[in-house]
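What follows is a short report on a single structure.
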Amino acid sequence: MNKGEWAEPITFETHKLGAYLTISSTAEAARVLLDYWPAKHGKALKRAKATCLAVLQGNGNPEIARKAFLTAAEEAGVLIRD
């Protein structure tokens, strides 16, 4: 399976205050969005999930999935570490 590696990883704060997780691929992002995301609904979340799935099926660009993940994080109020 194509993991959809990203050129630049994303580090974000998890649901535990002060705990951070770094992800560097679309496969990791999809797992976070499906299993650990704090919001269960949202337009950006839905788009990020669909974009990640497309990449994992070989029909998308991993960097577009990365951008969709960032947009979903903004929508959910997830802190992204610079």
Treating E13 as the side-chain partner and Y20 as the backbone partner, does any N or O pair qualify as donor plus acceptor under 3.5 Å? no
If we ignore hydrogens and angles and just use 3.5 Å, is the side chain of R47 paired with the main-chain N or O of A68 as donor and acceptor? no
Report yes if the side chains of L21 and Y36 come closer than 4.5 Å at any heavy-atom pair, otherwise no. no
Looking only at heavy atoms, the pair that brings I23 and E28 closest together is CA-OE1, 3.1 Å
Minimal heavy-atom distance between V55 and G60, with the atoms involved, is CG2-C, 3.6 Å
Same cluster or not: L45 versus L56, using hydrophobic residues (I, L, V, M, F, W, Y) connected whenever any side-chain heavy atoms lie under 4.5 Å apart? no
Sorted by chain and number, sequence neighbours left out, side chain to side chain donor-acceptor pair (under 3.5 Å) with T14 holds for none
Tightest non-hydrogen contact, residues H41 and E75, listed as O-OE1, 4.3 Å
Closest heavy-atom pair, C52 versus L33, reported as atoms and distance to 0.1 Å, is SG-CD1, 4.0 Å
Which of T22, V32, L70 passes side-chain contact (heavy atoms from CB on, under 4.5 Å) with F12? It is V32
Interatomic distance, CZ@R66 vs OG1@T71, rounded to 0.5 Å, equals 10.5 Å
**Prompt:** Can you check whether E63 reaches W6 side chain to side chain, under 4.5 Å on heavy atoms?
**Reply:** yes
For K3 and S25, the nearest pair of non-hydrogen atoms, with its separation, is O-CB, 3.4 Å
Assess whether atom NZ of K43 is packed by more than 12 heavy atoms of other residues, nucleotides or ligands within 6.0 Å. no
Any side-chain heavy atom of T51 sitting closer than 4.5 Å to one from F69? no
Tracing side-chain contacts under 4.5 Å among Ile, Leu, Val, Met, Phe, Trp and Tyr outward from L53 reaches none
